[in-house]
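Here the structure comes first, spelled out in structure tokens, and everything after it is commentary.
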Amino acid sequence: CSRKNTRNAALHPLWQSPLTIPGGTRQSPINIQWRDSVYDPFLKPLKISYDPTTCLHIWNNGYSFLVEFDDSADRSIIVGGPLENQYRLKQFHFHWGAINDWGSEHTVDSKFYPAELHLVHWNAVDYPSFEDAVMEGNGLAVIGVFLKLGARHEGLQTLVDALPAVRHKDTVIEFDEFDPSCLIPSCPDYWTYAGSLTTPPLTESVTWIIKKKPIEVDEDQLEAFRMLLFTSDGEEERRMVDNFRPLQPLMNRTVRSSFR
Ligand SMILES: CCCCCNS(=O)(=O)c1cc(S(N)(=O)=O)ccc1C(=O)O
Ligand SMILES: [Zn+2]
């Protein structure tokens, strides 16, 4: 079955009425058609330097689970790639499906992955706060990493072990000494394009950097994501699955690749 129909049927209430930005020209996510991406020899390697002691806590915000970082200084940053300057790590989170047939937000040649990791960074050089950067065309940089079914991921397991403690919406636990670069493939290849947040306010402020190589996780680790709840303690339980936005039109955009 095609992803489009079943996915729409499976959409989270947030997106039953497809959320579109009136006049949006650079919305995310998109399908990345490999053969239409354009190699850009001027793209630099992406440099990632995270300080694990900036890791603060994990919380379930009723949409995904996110790991938040102390972004009050330039301690966990990325620089290079398509970026004009350095960006500070704010948080990372995931999107996943009820079953392994879908779950990622971006697709490659219309192929979906069971899940996708997003590491959200903001431009603290040009803007005084994250909230300001969210409203600017070059305000955010999000690294996307696809998750595929395979071997158990030891780095992810520390995260998975903490999930039962944040099963319900608005629960939070302290989480320290985690370096999320262990979740990013060592292969330097990526695609990049100008896009948007995939959740409200859907602002067109994101330089997307999508890693070509996925990371491998096992079935138990994906199942651990699926035991989270959209709902608060005491509410009728709704499993946190299918927390992704539908594909958006490419419109007048080119996806560049850092590799031939
Ligand atoms: C001030 C309003 C910020 C709204 C966006 N916040 S965010 O951390 O960038 C974010 C990005 C994304 S995404 N998929 O990277 O666009 C998803 C969720 C969130 C979130 O708020 O949890
Ligand atoms: Zn996301």
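What you see is a predicted model; the values in this text were computed from it and never measured. One-based numbering, in listed order, for ligands and for the atoms of each.
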- [ ] Check whether more than 12 heavy atoms from other residues, nucleotides or ligands sit under 6.0 Å from atom CZ of Phe42, and answer yes or no.
- [x] no
Open item on the list: Is any side-chain heavy atom of Glu136 closer than 4.5 Å to one of Ser205?
Closed with: no
Open item on the list: Using a 4.0 Å cut-off to any heavy atom of Leu66, which atoms of ligand 1 qualify?
Closed with: 22 (O)
TODO: Report the nearest protein non-hydrogen atom to atom 3 (C) of ligand 1: residue, atom name, distance rounded to 0.1 Å.
DONE: Phe130 CE2, 3.9 Å
Open item on the list: Between Asp109 and Lys111 (side chain of the first, backbone of the second, donor and acceptor by atom type, cut-off under 3.5 Å), is there such a pair?
Closed with: no
TODO: Output, in order, the C-alpha distance, side-chain angles, deciding distance and verdict of side-chain hydrogen bond (donor to acceptor under 3.5 Å, both in side chains) for Tyr87 and Asn138.
DONE: CA-CA 10 Å; Tyr87 285 63; Asn138 66 342; 4.8 Å; no
- [ ] May I ask you to list the atoms of ligand 1 that are less than 4.0 angstrom from any heavy atom of His95?
- [x] 14 (N)
Open item on the list: Return the closest protein heavy atom for atom 12 (C) of ligand 1 as residue, atom name and distance.
Closed with: His93 CE1, 3.5 Å
Open item on the list: Only heavy atoms of Leu197, strictly under 4.0 Å: list the atoms of ligand 1 that pass.
Closed with: 5 (C), 9 (O), 11 (C), 16 (O)
Task: Heavy-atom side-chain proximity of Ile184 to Phe92 below 4.5 angstrom - done: no
Task: Atom indices of ligand 1, in the order listed, that fall short of 4.0 Å to a heavy atom of His118 - done: 14 (N), 15 (O)
- [ ] Would you mind telling me if ligand 1 is within reach of the side chain of Asn61, the backbone, both or neither, using heavy atoms under 4.0 Å?
- [x] side chain
Open item on the list: Looking at Arg226 and Glu219, is any side-chain nitrogen of the basic one under 4.0 Å from a carboxylate oxygen of the acidic one?
Closed with: yes
Task: Residue pairs passing the ring pair (Phe, Tyr, Trp, His ring centres under 6.0 Å) test where at least one lies in residues 133-153, sequence neighbours excluded - done: Tyr113-Phe146
Task: Pair Glu154 + Arg152, salt bridge at N-O below 4.0 Å - done: yes
Open item on the list: Taking the ring centre of each residue, are His95 and Tyr63 less than 6.0 Å apart?
Closed with: yes
Open item on the list: Residue-level breakdown please: for Glu105 versus ligand 1, do any non-hydrogen atoms fall below 4.0 Å on the side chain, on the backbone, on both, or on neither?
Closed with: side chain
- [ ] Can you establish whether the number of heavy atoms outside Glu174 located under 6.0 Å from its atom CD is more than 12?
- [x] no
TODO: Check each heavy atom of Pro201 against ligand 1 and say whether those closer than 4.0 Å belong to the side chain, the backbone, both or neither.
DONE: side chain
Task: CD (Glu84) with more than 12 external heavy atoms under 6.0 Å - done: no
TODO: Please work out whether any backbone atom (N, CA, C, O) or any side-chain heavy atom from C-beta onward of Val120 is under 4.0 Å from ligand 1, and answer side chain, backbone, both or neither.
DONE: side chain
Open item on the list: Considering non-hydrogen atoms of the protein only, which is the closest contact for atom 8 (O) of ligand 1, and what is the distance?
Closed with: Gln91 NE2, 2.8 Å
Task: Heteroatom proximity flag, Thr198 to ligand 1, N/O under 3.5 Å - done: yes
Open item on the list: Just to confirm my output: which protein heavy-atom neighbour is closest to atom 1 (C) of ligand 1, and how far is it?
Closed with: Glu131 CG, 4.0 Å
Open item on the list: Would you say that Leu117 contacts Leu147 through its side chain, given a criterion of any heavy-atom pair below 4.5 Å between the two side chains?
Closed with: yes
TODO: Anything protein N/O/S under 2.8 Å from the Zn ion (ligand 2)? Just list residue and atom, please.
DONE: His93 NE2, His95 NE2, His118 ND1
- [ ] May I ask you to check whether Trp208 and Trp191 place their ring centers less than 6.0 Å from one another?
- [x] no
Task: Nearest-neighbour protein heavy atom for atom 18 (C) of ligand 1, which is reported as residue plus atom name and distance - done: Thr199 OG1, 3.5 Å
